[in-house]
Amino acid sequence: MKFKEYLLKDIATITMGQSPKSQFYNEDGKGIEFLQGVRTFGEDFPYFDTYTTKYNRLAYKNSILFSVRAPVGRVNWATKNIAIGRGVASISVKNMVYDRYVYYYFKKMGSFYDKKATGTVFTSINKKELESLKIKVPASYDDQKRIADRLATLDRKIHLNQQLNDNLVA
């Protein structure tokens, strides 16, 4: 299988989060769901306990949510348009590359990026560093899709097995 190497900025649009003032936050469901960082990341999708009535940056539905503060490199999917704060970037993959492939690439490589992040108290990665991340992608879109879809099937089976195990313990 042949691979191509891209810089992330060449295959995706990256939006760095920016937090609104805390006076606009609430836990009452007023406004739009707000994601500040990985605290409410799930295995694949975040859950929300914070909302904001004013926001600066949006992650659009079906974009990849990428943690840019400790731990750097964790990923989730945006299932709807959400407001994003400083701890998260949104990655919208261009049509030339299968977005699910990029998601699984980062899911596997996340801890590697965390080790390369800089900072004394909090590790972090900035937009320039994120844009310059190199990603190896199968040259064939069909190969990208086949790999990512197989990984998604395995993830679903793992999730179902975890649910079964949780029911057995209860």
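Keep in mind the model is a prediction, meaning the values are calculated, not measured.
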- Query: Between Arg69 and Thr123, is a side chain to side chain contact (heavy atoms under 4.5 Å, CB included) present by the stated rule, with each step listed?
  - Reply: CA-CA 6 Å; Arg69 287 188 163 178; Thr123 58; over 6 Å; no
- Note on the structure: Closest heavy-atom pair, Pro138 versus Ile147, reported as atoms and distance to 0.1 Å, is CG-CD1, 3.8 Å
- Task: Considering non-hydrogen atoms only, spot the tightest contact between Ala89 and Val68 and give its length.
- Result: CB-CG1, 3.7 Å
- Task: Say whether, by atom type as modelled, one donor and one acceptor occur between the side chain of Asn126 and the main chain of Lys128 under 3.5 angstrom.
- Result: yes
- Looking at Ala83 and Thr52, what are the two nearest heavy atoms and their distance? CB-CG2, 3.8 Å
- Task: Assess whether atom CD of Glu5 is packed by more than 12 heavy atoms of other residues, nucleotides or ligands within 6.0 Å.
- Result: yes
- Message: Rounded at 0.5 Å granularity, tell me how far OH in Tyr105 sits from CD1 in Ile64.
- Response: 12.5 Å
- Item | Salt bridge flag under 4.0 Å for residues Asp99 and Lys94 | no
- Query: What's the spacing between Ser92 OG and Ile14 CD1 if we round to 0.5 Å?
  - Reply: 9.5 Å
- Message: Could you see if Val137 belongs to whatever hydrophobic cluster contains Leu130? Use Ile, Leu, Val, Met, Phe, Trp, Tyr and a side-chain cutoff under 4.5 Å.
- Response: yes
- Message: With side-chain hydrogen bond (donor to acceptor under 3.5 Å, both in side chains) as the test, pick out the partner of Thr153 among Lys157, Arg150, Arg156.
- Response: Arg156
- Message: Can you list everything that forms a salt bridge (charged side-chain N to carboxylate O under 4.0 Å, His left out) with Lys127? Sequence neighbours excluded, please.
- Response: none
- In this structure, CZ of Phe24 is separated from NZ of Lys54 (nearest 0.5 Å) by 4.5 Å
- Tell me whether Met96 is reachable from Tyr104 by hopping between hydrophobic residues (I, L, V, M, F, W, Y) whose side-chain heavy atoms are closer than 4.5 Å. yes
- Those residues at least two apart in sequence (or on a different chain) that pass side chain to side chain donor-acceptor pair (under 3.5 Å) with Arg86 are none
- Query: Any side-chain heavy-atom pair from Leu7 and Leu133 closer than 4.5 angstrom?
  - Reply: no
- Item | Intermediate values then yes/no, salt bridge (Lys or Arg N to Asp or Glu O under 4.0 Å), Glu43 and Lys107 | CA-CA 10 Å; Glu43 184 61 33; Lys107 195 169 184 176; 3.4 Å; yes
- Run the numbers on Lys30 and Thr53 for side chain to side chain contact (heavy atoms under 4.5 Å, CB included), then give the verdict. CA-CA 6 Å; Lys30 295 177 185 165; Thr53 55; 4.2 Å; yes
- Message: Rounded to the nearest 0.5 Å, what separates atom CZ in Phe41 from atom CZ in Phe66?
- Response: 9.5 Å
- Query: Taking only residues two or more places apart in sequence, or in another chain, which ones meet Asp143 in a side chain to side chain donor-acceptor pair (under 3.5 Å)?
  - Reply: Arg146
- Query: Who are the ring pair (Phe, Tyr, Trp, His ring centres under 6.0 Å) partners of Phe3, not counting sequence neighbours?
  - Reply: none
- Item | All salt bridge (charged side-chain N to carboxylate O under 4.0 Å, His left out) counterparts of Lys80, not counting sequence neighbours | Glu33
- Message: I'd like to know whether CG of Asn161 has more than 12 heavy-atom contacts from other residues, nucleotides or ligands below 6.0 angstrom.
- Response: yes
- Message: So, taking the atom named CZ in Phe45 and the one named OG1 in Thr40, what distance separates them when rounded to the nearest 0.5 Å?
- Response: 14.0 Å
- Task: Check the pair Tyr103, Asn76 against side-chain hydrogen bond (donor to acceptor under 3.5 Å, both in side chains), reporting the backbone distance first and the verdict last.
- Result: CA-CA 8 Å; Tyr103 175 79; Asn76 265 194; 4.5 Å; no
- Task: Could you give me the CA-CA distance, side-chain angles and deciding distance for Lys108 and Leu151, then say whether side chain to side chain contact (heavy atoms under 4.5 Å, CB included) is met?
- Result: CA-CA 11 Å; Lys108 177 67 178 165; Leu151 291 170; over 6 Å; no
- Does the ring center of Tyr25 lie less than 6.0 Å from the ring center of Phe34? yes
- Note on the structure: Those residues at least two apart in sequence (or on a different chain) that pass salt bridge (charged side-chain N to carboxylate O under 4.0 Å, His left out) with Asp149 are Arg100, Lys145
- Query: Is there a path of hydrophobic side-chain contacts, each under 4.5 Å between heavy atoms of I, L, V, M, F, W or Y residues, that connects Trp77 with Val88?
  - Reply: no
- Message: Would you compute the distance between atom OH of Tyr51 and atom CD1 of Ile32 and round it to the nearest 0.5 angstrom?
- Response: 11.0 Å
- Query: Side-chain heavy atoms under 4.5 angstrom apart, residues restricted to Ile, Leu, Val, Met, Phe, Trp, Tyr: same cluster for Val38 and Phe106?
  - Reply: no
- Item | For Ile84, the option from Met16, Arg57, Gln18, Gln36 that meets side chain to side chain contact (heavy atoms under 4.5 Å, CB included) | Arg57
- Query: Are Leu58 and Leu65 in one and the same hydrophobic cluster, where Ile, Leu, Val, Met, Phe, Trp and Tyr link if side-chain heavy atoms are under 4.5 Å apart?
  - Reply: no
